[in-house]
*Asks:* 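One structure, pasted below without further comment.
Computed from a prediction, not measured in an experiment: that's the story for all the values here. For the single chain, residues carry numbers from 1 onward in sequence order.
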Amino acid sequence: MRIIFMGTPDFAAAALSALIAAGHEIAAVYSQPPRPAGRGQDLRKSPVQKLAESHGLPVRHPVSLRNPEAQAEFADLKADIAVVAAYGLILPQAVLAAPRLGCLNIHASLPPRWRGAAPIQRAILAGDAGTGITIMAMDAGLDTGAMLRREALPIGPRMNAGELHDALAALGARLIVETLAAPLPPAVPQPAEGVTYAAKISPAEAQIDWSKDAAQLERQIRAFAPVPGAWCQMPDGARLKLLAADVVTGAGAPGTALDDALTIACGRQALRLTLLQKAGKKPMAAADFLRGQKLIRGTVLA
């Protein structure tokens with residue numbers, strides 16, 4: 001097929017790579033423009049743009065698709081279909097209708113559960129036993145389109161967002177290739193019941209509130225690992241990222257170290273911290289952390 005691909009992060013790059021390998025003609029790639037990043041704030045191209053350019057594919061990054069000029073340029077590509085994965089711009093109706101077979105979205109959940117921006121993190125935060133990938137026909141709604149193909153994926157009890165992201169990216173890449181390998185399967189409307197929305201993650205959500213249940217905090221740590229990283233404050237005010245922890249038996253004032261081995265009291269039960277990261281340092285296991293930073297019984301984390 002002649003495809004317009006629209007995506008930005010690593011999740012989308014996996015799908016673009018699979019479509020290229022499957023022999024599809026990529027008419028153009030749309031991605032978010034380079035953004036300042038790093039200490040030097042140098043402009044950094046998206047993973048999709050870098051992959052596209054390595055294959056000699058033309059890349060476009062309009063600020064908006066709402067103006068007539070951008071829509072005309074899109075329609076002039078005469079694509080059979082557009083494939084969208086974590087692109088970052090809303091597609092107006094004129095764009096949705098331009099390809100001969102419309103636009104397909106690779107969505108990292110099983111709608112109607114977790115429509116929206118952050119389905120991977122929300123599924124872990126909610127304690128869902130599983131999630132999956134859905135290939136859906138895009139319409140004007142927010143992830144409301146009819147479903148062409150979907151496949152479930154279990155969420156392991158220790159799986160973090162980074163691991164789940166990579167598993168879903170690989171699954172999405174396989175499913176979009178399978179979907180386009182033959183005549184498109186019939187589209188099935190989403191169920192009307194069971195709708196949930198995966199709101200964008202706010203920075204404030206990453207801060208640990210030790211008064212909460214330990215099981216809830218353990219899910220929070222996994223949902224934000226490896227980035228942005230759930231965090232708390234040391235007694236000196238330094239920020240400490242928490243990247244992995246185990247729920248253990250224990251009781252005490254929330255945020256208080258119950259021993260010298262990083263067992264921290266929560267509102268209910270306790271967490272034993274197993275992977276941590278100090279500002280400006282690499283992640284380190286608990287034993288390595290304690291060799292350079294004593295956190296003795298009675299220490300209070302905020």
Side-chain angles (χ1 to χ4, degrees), residues 1-9 11-12 15-16 19 24 26-32 48 60-120 122-123 131-152 168-169 171-200:
M1 286 191 180
R2 181 172 169 82
I3 296 172
I4 298 170
F5 187 85
M6 311 178 82
T8 298
F11 178 86
L16 176 58
L19 290 170
H24 292 286
I26 309 299
V29 172
Y30 282 68
S31 189
Q32 288 291 295
V48 164
R60 300 176 178 179
H61 28 72
V63 176
S64 171
L65 291 168
R66 296 188 181 278
N67 64 77
E69 293 80 7
Q71 294 173 7
E73 289 178 355
F74 187 90
D76 286 345
L77 291 168
K78 306 296 184 186
D80 293 312
I81 203 163
V83 173
V84 183
Y87 174 37
L89 284 184
I90 294 174
L91 274 57
Q93 187 58 41
V95 170
L96 293 173
R100 180 174 62 88
L101 298 173
C103 301
L104 298 185
N105 182 35
I106 305 172
H107 186 68
S109 79
L110 301 176
R113 186 158 181 81
W114 301 131
R115 296 172 179 171
I120 294 174
R122 295 299 175 195
T131 183
I133 288 288
T134 301
I135 308 297
M136 66 176 70
M138 296 182 70
D139 59 19
L142 177 62
D143 299 325
T144 56
M147 304 174 295
L148 284 75
R149 191 181 294 266
R150 56 193 260 149
E151 187 170 320
L168 288 169
L171 177 57
R174 175 171 64 79
L175 286 187
I176 192 61
V177 169
E178 291 177 359
T179 301
L180 300 181
L184 295 181
V188 178
Q190 293 184 28
E193 298 181 350
V195 175
T196 57
Y197 288 96
K200 184 178 179 180

*Asks:* Given Ile106 and Ile135, is the side-chain contact (heavy atoms from CB on, under 4.5 Å) satisfied, shown in steps?
*Replies:* CA-CA 5 Å; Ile106 305 172; Ile135 308 297; 3.9 Å; yes
*Asks:* Look up atom CG in Leu16 and atom CE in Met6, then write down how far apart they are to the nearest 0.5 Å.
*Replies:*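 With rounding to 0.5 Å, CG (Leu16) is 13.0 Å from CE (Met6).
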*Asks:* With sequence neighbours left out, which residue pairs that include part of residues 68-95 fulfil the ring pair (Phe, Tyr, Trp, His ring centres under 6.0 Å) condition?
*Replies:* Tyr30-Phe74
*Asks:* For Ser109 and Pro119, indicate whether the former's side chain and the latter's backbone hold a donor-acceptor pair under 3.5 Å.
*Replies:*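 Not confirmed, Ser109 side chain does not pair with Pro119 backbone.
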*Asks:* List the atom of Met1, the atom of Leu180, and the distance in Å for their closest heavy-atom pair.
*Replies:* SD-CD2, 4.0 Å
*Asks:* Taking the side chain from His107 and the backbone from Trp114, do they hold a donor-acceptor pair closer than 3.5 Å?
*Replies:*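 Checked: pair present.
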*Asks:* Do the side chain of Gln71 and the main chain of Leu65 share a donor and acceptor less than 3.5 angstrom apart?
*Replies:* yes
*Asks:* With distance as the sole test, does Arg122 use its side chain to make a donor-acceptor pair with the main-chain N or O of Ala199 at under 3.5 Å?
*Replies:*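 Checked: pair present.
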*Asks:* Calculate, to the nearest 0.5 Å, the distance between atoms CE and CG belonging to Met147 and Leu110 respectively.
*Replies:* 8.5 Å
*Asks:* Going from CZ on Arg149 to CG on Leu104, what distance comes out if it is rounded to the nearest 0.5 angstrom?
*Replies:*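 It comes to 11.0 Å.
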*Asks:* I'd like to know if the side chain of Arg150 and the backbone of Pro111 have a donor-acceptor N/O pair within less than 3.5 Å.
*Replies:*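 Yes; at least one donor-acceptor contact below 3.5 Å.
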*Asks:* As a test of understanding, state which of Ile81, Ile176, Val48 forms a side chain to side chain contact (heavy atoms under 4.5 Å, CB included) with Phe5.
*Replies:*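 When Ile81, Ile176, Val48 are each tested with Phe5, the side chain to side chain contact (heavy atoms under 4.5 Å, CB included) holds only for Val48.
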*Asks:* Are the side chains of Leu19 and Val177 in contact, using a 4.5 Å heavy-atom criterion?
*Replies:* yes
*Asks:* Around Ile90, counting heavy atoms of other residues, nucleotides and ligands shown, do more than 12 lie under 6.0 Å from its CD1?
*Replies:*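 Count not over threshold, so no.
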*Asks:* Could you pull out the closest heavy-atom pair between Ala137 and Leu148, with the gap in Å?
*Replies:*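 The pair with the smallest heavy-atom distance is N-CD1, 3.5 Å.
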*Asks:* Scan for salt bridge (Lys or Arg N to Asp or Glu O under 4.0 Å) pairs involving residues 68-93, sequence neighbours excluded, and state none if there are none.
*Replies:*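 Counting only pairs at least two positions apart or across chains, the salt bridge (Lys or Arg N to Asp or Glu O under 4.0 Å) contacts touching residues 68-93 are Asp80-Arg100.
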*Asks:* Please find the pair of heavy atoms, one from Leu175 and one from Glu151, that lie closest to each other, and give the distance.
*Replies:* CD2-OE1, 3.6 Å
*Asks:* Hey, what do you get for CE (Met136) to CZ (Arg115), rounding to the nearest 0.5 Å?
*Replies:*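 The distance works out to 8.0 Å.
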*Asks:* Could you measure the distance from the CG atom of Asn105 to the CE atom of Met138? Nearest 0.5 Å is fine.
*Replies:*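 The CE atom of Met138 is 5.0 Å from CG of Asn105, to the nearest 0.5 Å.
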*Asks:* For the residue pair Leu91 and Leu89, what are the closest heavy atoms and their distance?
*Replies:*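 Minimum heavy-atom separation between Leu91 and Leu89: CD1-O, 3.3 Å.
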*Asks:* Run the side-chain hydrogen bond (donor to acceptor under 3.5 Å, both in side chains) test against Thr134 and tell me which residues pass, sequence neighbours left out.
*Replies:*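 With sequence neighbours excluded, Thr134 shows a side-chain hydrogen bond (donor to acceptor under 3.5 Å, both in side chains) to no residue whatsoever.
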*Asks:* Is there a donor-acceptor contact under 3.5 Å from the side chain of Gln32 to the main chain of His61?
*Replies:* no
*Asks:* Please name the pair of heavy atoms, one in Ala12 and one in Gly7, separated by the smallest distance, quoted to 0.1 Å.
*Replies:* CB-CA, 3.8 Å
